[in-house]
Amino acid sequence: MESARRTPLNSADCLKRLLVHGFGEISIKTAWATQFAAYTSIARTVPSYDLVVPDALPRLNASVAAVREMIAEQAFQAVSHPAET
């Protein structure tokens, strides 16, 4: 049975995804500059992943449980090993 899985993204791919799914319809240049700076900071500092969840209703509960475990594991690692600033 296929379960939910994640694949790490590098900073560049994370930034691309943030930009693609951000609010590109705004025509105010200062808003874009601020948003781009924020996305760049996020992409450089926050671990990011591509999450693939099986497309099958019978596996939904198992997928939810798997995603919860992934999030809990990531949160535990962040608390146990905080990034140096």
Side-chain angles (χ1 to χ4, degrees):
M1 176 190 304
E2 184 183 9
S3 63
R5 66 184 190 283
R6 66 182 177 182
T7 306
L9 292 174
N10 62 40
S11 295
D13 287 335
C14 177
L15 179 59
K16 286 178 198 174
R17 301 247 179 128
L18 289 169
L19 291 170
V20 166
H21 298 289
F23 55 90
E25 64 277 356
I26 286 184
S27 62
I28 302 168
K29 290 183 181 183
T30 55
W32 258 102
T34 301
Q35 189 70 11
F36 188 79
Y39 283 170
T40 300
S41 178
I42 291 168
R44 287 182 178 158
T45 58
V46 177
S48 59
Y49 301 89
D50 183 31
L51 176 64
V52 178
V53 178
D55 186 23
L57 191 55
R59 293 184 235 154
L60 183 59
N61 287 334
S63 294
V64 168
V67 171
R68 281 185 179 148
E69 281 185 37
M70 288 179 210
I71 292 169
E73 175 189 326
Q74 190 68 35
F76 176 77
Q77 289 178 2
V79 170
S80 298
H81 308 293
E84 294 181 22
T85 56

Tell me the closest heavy-atom pair linking Asn10 and Ser48, and the distance in Å. O-OG, 4.5 Å
Test of understanding: with side chain to side chain contact (heavy atoms under 4.5 Å, CB included), list the residues that count as partners of Arg68, not counting sequence neighbours. Val64
Is there a path of hydrophobic side-chain contacts, each under 4.5 Å between heavy atoms of I, L, V, M, F, W or Y residues, that connects Trp32 with Tyr39? yes
Across all chains, not counting sequence neighbours, the side chain to side chain contact (heavy atoms under 4.5 Å, CB included) partners of Thr34 are none
Going by side chain to side chain contact (heavy atoms under 4.5 Å, CB included), name the residues that satisfy it together with Phe36, two or more places apart in sequence or in a different chain. Leu15, Leu19, Thr40
Among residues at least two apart in sequence or on other chains, which ones pass salt bridge (Lys or Arg N to Asp or Glu O under 4.0 Å) with Arg17? Asp50
Determine whether Tyr49 and Val52 fall in the same hydrophobic cluster, where Ile, Leu, Val, Met, Phe, Trp and Tyr are linked whenever their side-chain heavy atoms lie under 4.5 Å apart. no
Separation between CD1 of Ile71 and CD of Glu69, rounded to the nearest 0.5 Å: 11.0 Å
